[in-house]
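Have a look at the structure below, then the notes.
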Amino acid sequence: MSLTTTIHLNFRGDARAALESYRSAFGGDLTVVTYGDAGNAQEESEADQVMWGQVIAPNGFHVMAYDVPSRMAYDRGENAFFVSLRGQTAEEVTGYWEKLSEGATVVVPIGPSGWAPAYGMLRDRFGVVWVLDVVSGHNG
């Protein structure tokens, strides 16, 4: 038996834009089902919001997201989680960094660190904190 885990991000109205941004950064296929598509819109203004969405890319990237409906509590929190993206080369990781950094706040600039050939942290324009680094022999 095999298990996989996939980060599932929760937004309030930004899920589609976030998924489109991540597809732009990593490639792959975007799938979105809105509350309206599913006949599950409790509020007319939320019919076009994402009830279920994901991006899956051939390079192994997979993220899911949805818009928390207004009838449910939502607080995106502060440092509640990080999305860790680990690549094989500094060039690969830096390429993703450049795409994710549009409108982002850099927490730690990307560059060599004591444990990896490249490491950086940013909070993207959707409030998601990304930690990017290169897998080294020390942290497999």
Side-chain angles (χ1 to χ4, degrees):
M1 180 180 284
S2 173
L3 292 174
T4 61
T5 58
T6 301
I7 190 95
H8 188 287
L9 303 172
N10 301 331
F11 297 95
R12 178 79 73 173
D14 286 330
R16 182 185 302 272
L19 288 168
E20 289 172 350
S21 175
Y22 303 148
R23 177 186 57 188
S24 175
F26 299 105
D29 296 316
L30 168 66
T31 305
V32 169
V33 176
T34 66
Y35 287 99
D37 293 338
N40 194 21
Q42 304 287 319
E43 302 285 333
E44 184 61 35
S45 63
E46 297 176 349
D48 290 334
Q49 290 188 0
V50 177
M51 186 174 104
W52 182 85
Q54 71 177 1
V55 173
I56 297 179
N59 60 11
F61 180 80
H62 185 193
V63 68
M64 297 171 68
Y66 96 120
D67 288 309
V68 177
S70 61
R71 70 182 183 280
M72 295 174 63
Y74 173 75
D75 179 355
R76 78 180 191 187
E78 189 71 25
N79 294 320
F81 65 90
F82 298 151
V83 179
S84 175
L85 181 72
R86 309 188 87 201
Q88 298 299 312
T89 68
E91 294 77 23
E92 176 186 27
V93 169
T94 301
Y96 292 130
W97 174 273
E98 290 170 358
K99 293 174 183 177
L100 288 170
S101 64
E102 180 182 333
T105 301
V106 173
V107 178
V108 176
I110 195 154
S113 71
W115 62 91
Y119 168 85
M121 180 187 291
L122 61 79
R123 180 182 305 275
D124 74 14
R125 66 182 191 217
F126 305 104
V128 176
V129 177
W130 292 78
V131 176
L132 289 81
D133 70 347
V134 174
V135 178
S136 71
H138 303 295
N139 59 2

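Numbering of residues begins at 1 and proceeds along the displayed sequence. Scope of the values below: all heavy atoms of this structure, side chains included, with no hydrogens, waters or symmetry mates.
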Between [X] and [Y], is there a donor-acceptor pair closer than 3.5 Å when you use the side chain of the first and the backbone of the second?
X      : Y      : result
Arg23  : Ala18  : no
Ser101 : Ala104 : no
Ser24  : Glu20  : no
Asp67  : Asn10  : no

Passing option when Met121 is tested against Val106, Val129, Ile110 for side-chain contact (heavy atoms from CB on, under 4.5 Å): Val129
About how many Å separate [atom2] of [Y] and [atom1] of [X], when rounded to the nearest 0.5 Å?
X      : Y      : atom1 : atom2 : value
Gln49  : Ser70  : CD    : OG    : 8.0 Å
Thr105 : Leu122 : OG1   : CG    : 8.5 Å
Asp75  : Arg12  : CG    : CZ    : 10.0 Å
Asp14  : Leu19  : CG    : CG    : 10.5 Å
Glu46  : Asn40  : CD    : CG    : 10.5 Å
Ser84  : Ile7   : OG    : CD1   : 9.5 Å

Can you hop from [X] to [Y] via hydrophobic side chains spaced under 4.5 Å?
X      : Y     : answer
Val128 : Ile56 : no
Met64  : Phe61 : no
Val55  : Val83 : yes

Can you list everything that forms a side chain to side chain contact (heavy atoms under 4.5 Å, CB included) with Thr31? Sequence neighbours excluded, please. Trp52, Gln54
Side chain to side chain contact (heavy atoms under 4.5 Å, CB included) evaluation trace for Val134 with Thr89: CA-CA 6 Å; Val134 174; Thr89 68; 5.7 Å; no
ring-ring contact (aromatic ring centres under 6.0 Å, His included) pairs touching residues 82-109, sequence neighbours excluded, are Phe26-Tyr96
ring-ring contact (aromatic ring centres under 6.0 Å, His included) contacts in which one or both residues fall within residues 6-25, not counting sequence neighbours: His8-Tyr66, Tyr22-Trp130
Determine whether Leu85 and Val131 satisfy the following criterion, side chain to side chain contact (heavy atoms under 4.5 Å, CB included), listing intermediate values before the conclusion. CA-CA 6 Å; Leu85 181 72; Val131 176; over 6 Å; no
Looking at every non-hydrogen atom in both residues, tell me the closest pair between [X] and [Y] and how far apart they are.
X      : Y     : value
Val33  : Ala38 : CG1-CB, 4.3 Å
Ala57  : Gly27 : CB-O, 3.5 Å
Ala41  : Gly36 : CB-N, 4.3 Å
Ala118 : Ala90 : CB-CB, 3.9 Å

Taking only residues two or more places apart in sequence or in another chain, which ones pass side-chain hydrogen bond (donor to acceptor under 3.5 Å, both in side chains) with Thr34? Asp37
Could you pull out all residues at least two apart from Thr6 that satisfy side-chain hydrogen bond (donor to acceptor under 3.5 Å, both in side chains)? His62
A side-chain contact here means heavy atoms from C-beta on lying under 4.5 Å apart; do Val93 and Asp133 qualify? no
What residue pairs, at least two apart or across chains, pass salt bridge (charged side-chain N to carboxylate O under 4.0 Å, His left out) with a residue in residues 109-130? Glu78-Arg123, Glu102-Arg125
Using the rule given for side chain to side chain contact (heavy atoms under 4.5 Å, CB included), can you reason through Tyr35 versus Asp48, listing the C-alpha separation, both sets of side-chain angles and the distance that settles it, and then say yes or no? CA-CA 6 Å; Tyr35 287 99; Asp48 290 334; over 6 Å; no
